[in-house]
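Lettering follows sequence order; numbering is per chain, from 1. Because the structure is a prediction, the values reported are computed rather than measured.
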Amino acid sequence: MTEEAIHTSNFITQIIDEDLAAKKCDTVVTRFPPEPNGYLHIGHAKSICLNFGIARDYNGLCNLRFDDTNPAKEEVEYVESIENDVKWLGFSWNGEPRYSSNYFDQLYGYALELIRKGLAYVDELSPDQIREYRGTLTAPGKNSPYRDRTVEENLALFEKMKNGEFEEGKACLRAKIDMASSFICMRDPVIYRIKFATHHQTGDKWCIYPMYDFTHCISDAIEGITHSICTLEFQDNRRLYDWVLDHISIEHHPHQYEFSRLNLEYAITSKRKLNLLVKEKIVDGWDDPRMTTISGLRRRGYTPASIREFCRRIGVTKQDNTVEFSALESCIREDLNEHAQRRMAVLNPLRLVIDNYPEGQVEQLDAQNHPLKPELGSRKVPFTRELYIEADDFRKEGNKKFKRLSLEKEVRLRYGYIIKAESCEEDENGNVTCVHCTYIPESLGQDVEGHKPKGVIHWVSATEGKTAEIRLYERLFKIPNPGAADDFLSTINENSLRIIENAWIEPALQDAAVSEAFQFERTGYFCADSKYTTSEKKVFNLTVALKEDSQKAAA
RNA sequence: UGGGGUAUCGCCAAGUGGUAAGGCAGCGGAUUCUGAUUCCGCCAUCCCAAGGUUCGAAUCCUUGUACCCCAGCCA
């Protein structure tokens, strides 16, 4: 995955290729325009990779613009997290971050221009009345009684709006287009509304704020955007985008193209719902490792490259889609298999005693950090008489398919000796509490004539090993499409987090840095949790489990 | 019921009139001191349906069907 496809083709890049060939533009300029009303999620990653990817591939530019026209919903915490996430994903924007609010003065000027041209008017219908007058999908709307005010009257009234002389909802500015249009968004859309809210960027300078449809196209034009890429639900809005730019004095007219948003199984990509999970404390913040937010994936152990690769693989089209979660997991496994060092950790410990191994002896065995990459070197793993192995790796009686330890049978301890289980102790419930073995001293690092172990199992020294907390995750939701459920909170998987308080880890893992990925051999990929790991206590997150052969389940 | 969109393998997705790429998932088998990785093989006579045009159609035409989006002073 170190080699990323430089140029991935899709219907948008094909349009760009044509535009470039036809000299419609010289350098390609795109933008990523999130509203700072929440944290970015995997769906945004698709848009980020598309917009910044195009800028990279075409030697163009991509702006980061905060679409901040609704102060009631936005916060600086979100702008900071967004900048952080975009950078983390490996992209850098053109110049400084922009804000739609940077253009409030210009936007106001263009609104005045529309009024002067008789193309906008101050409406005093109530929100309810406006809805009534709008008509329905099949029936045309009707004109507001305020639609034919004079330019002078509108100018004066808009001035009053701006000066705070109207209460919220008592007046708004509307574009005068066509109340009978089959595009609902063209039935005299509201372009300015009154909000007595402090804006995170402009403070209390304004009490009227431009609407998205009026703001977005003009912001794009001001920034010289050549290809304005957004999601499918804005297809109708494109008519309004073009109408505004066609009716104001502005030279540049960007073009909008729409692609389908990403739907990921077992995930939600609705900021509103993500927000609810956080507010209701169903998850441990926006960066909960079970969340498919960028920050959640980061904390979980996903790498930027794996997310970029995922976005490359899913492609860009106009088809509605729901991508299987395994597609994402495949990307992180591929990356981590390549880059993560191997370590041993026992999650569900079972005591194992090697009866013929000297008591008190500690051998430092050499263990490769990566089986396919000798250049990554090795570390020492202490081997002692008493060890812990995974409880699942022992059965009193195995079978042909059971490639682990059972009585009278032999198995190799990873990086260590071949052992044979001789007996085991059980508690009153019949649970095995300890396995007694013998080892073959000459089997270290080599095969021994006449001995063919059934498999290889991992282990940690009971006396030299350390303990750590390990957090195992399952999908946050019980069903593939929680977003479509009437009550998505009822689809939460209550077993999505399982905490193992005392897992055993090899000593080398004590030094694991936060965000450093490891493969716990035969188990999965893990990383130290950025929030709960302390100097005394290591907490590891399961990023993704290793793939399991179907034979394993059958055994 | 108006308008805007979309229909190619279980899930993504190439294909742009010349006879169905690739990835994920799945299934066989080989190698393996990780039941991982790697490797090799299999996996759409068919492209929403039905007609039509053509020597030739997933691609063009016709008529249907299904699904998604639009009636916030949200974005």
Practice task
Kindly write out the residues that satisfy side chain to side chain contact (heavy atoms under 4.5 Å, CB included) with A:D242, not counting sequence neighbours, or none if the list is empty.
Solution key: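 A:D242 satisfies side chain to side chain contact (heavy atoms under 4.5 Å, CB included) with A:R238, A:D246, A:H253 once adjacent residues are dropped.
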Exercise for the section: Kindly write out the residues that satisfy side chain to side chain contact (heavy atoms under 4.5 Å, CB included) with A:R149, not counting sequence neighbours, or none if the list is empty. Expected result: A:V122, A:E124, A:Y146, A:E153, A:N154, A:L157
When all nucleic acid strands are considered with a 4.0 Å heavy-atom cut-off, which category describes [X]: base, sugar-phosphate, or nothing?
X: A:P371; result: base
X: A:G524; result: nothing
X: A:T317; result: sugar-phosphate
X: A:D447; result: nothing
X: A:G141; result: nothing

Which nucleotide in [options] has an atom nearest any side-chain atom of [X]:
X: A:R238; options: B:rG35, B:rG5, B:rA75; answer: B:rG5
X: A:N321; options: B:rC12, B:rG35, B:rC74; answer: B:rC12
X: A:Y212; options: B:rC73, B:rA75, B:rG4; answer: B:rA75
X: A:R134; options: B:rC73, B:rU37, B:rG35; answer: B:rC73
X: A:R239; options: B:rG72, B:rG35, B:rG4; answer: B:rG4

For atom [atom1], what is the distance between [N] and [M], given to the nearest Å?
N: B:rC40; M: B:rU31; atom1: P; answer: 15 Å
N: B:rG56; M: B:rC9; atom1: P; answer: 26 Å
N: B:rC68; M: B:rA36; atom1: P; answer: 40 Å

Length of the [atom1]-[atom2] vector between [X] and [N], whole Å:
X: A:E329; N: B:rC12; atom1: CD; atom2: P; answer: 17 Å
X: A:Q319; N: B:rC12; atom1: CD; atom2: C1'; answer: 9 Å
X: A:H370; N: B:rU32; atom1: NE2; atom2: P; answer: 18 Å
X: A:I194; N: B:rG72; atom1: CD1; atom2: C1'; answer: 16 Å

Practice task
With sequence neighbours left out, write down each residue that passes salt bridge (charged side-chain N to carboxylate O under 4.0 Å, His left out) with A:R343, or none if nothing qualifies.
Solution key: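 So A:R343 forms no salt bridge (charged side-chain N to carboxylate O under 4.0 Å, His left out) with any residue.
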Practice task
For A:F158, check ring pair (Phe, Tyr, Trp, His ring centres under 6.0 Å) against everything at least two apart and list the hits.
Solution key: A:Y108, A:Y192
Exercise for the section: Using ring pair (Phe, Tyr, Trp, His ring centres under 6.0 Å) as the criterion, list what pairs up with A:H200, not counting sequence neighbours. Expected result: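 With neighbours one apart ignored, the set is empty.
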Handout entry: Under 3.5 Å: donor-acceptor pair, side chain of A:Y121, backbone of A:S144
Key = no
Those residues of [range] lying under 4.0 Å from RNA chain B by at least one heavy atom:
range: residues 30-45 of chain A; result: A:E35
range: residues 63-74 of chain A; result: A:D67, A:T69, A:N70, A:K73
range: residues 121-131 of chain A; result: A:L125, A:S126, A:P127, A:I130, A:R131

Problem - Watson-Crick/G-U partner (both atom distances under 3.5 Å) of B:rG17 - result: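 Base-paired to nothing in any strand shown.
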N/O-N/O pairs, protein side and nucleotides 21-28 of chain B side, under 3.5 Å:
residue, atom, partner, partner atom, Å
B:rC24, O2', A:S326, OG, 3.3

For residues 37-44 of chain A, please give each side-chain donor-acceptor pair under 3.5 Å, one per line with the distance, not counting sequence neighbours.
residue, atom, partner, partner atom, Å
A:N37, OD1, A:K271, NZ, 2.6
A:N37, ND2, A:E35, OE1, 3.0
A:Y39, OH, A:E77, OE2, 2.7
A:H41, ND1, A:G43, N, 2.9
A:H44, ND1, A:H41, N, 2.9

With the criterion being N/O to N/O and under 3.5 Å, what pairs connect the protein with nucleotides 66-70 of chain B, and how long is each?
residue, atom, partner, partner atom, Å
B:rC68, O4', A:D320, OD2, 3.1
B:rC68, O2', A:D320, OD2, 3.4

Using atom types as modelled, flag every donor-acceptor pair under 3.5 Å from a side chain in residues 437-445 of chain A to any protein atom, sequence neighbours excluded.
residue, atom, partner, partner atom, Å
A:T438, OG1, A:E422, OE2, 2.6
A:S443, OG, A:I418, N, 2.8
A:S443, OG, A:I440, O, 2.6

Practice task
Spell out yes or no: do the side chain of A:E338 and the base of B:rU37 have one donor N/O and one acceptor N/O closer than 3.5 Å?
Solution key: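 No.
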Practice task
For B:rG72, measure the glycosidic angle (O4'-C1'-N9-C4 for a purine, O4'-C1'-N1-C2 for a pyrimidine) and name it syn if it falls within 90° of 0, otherwise anti.
Solution key: syn
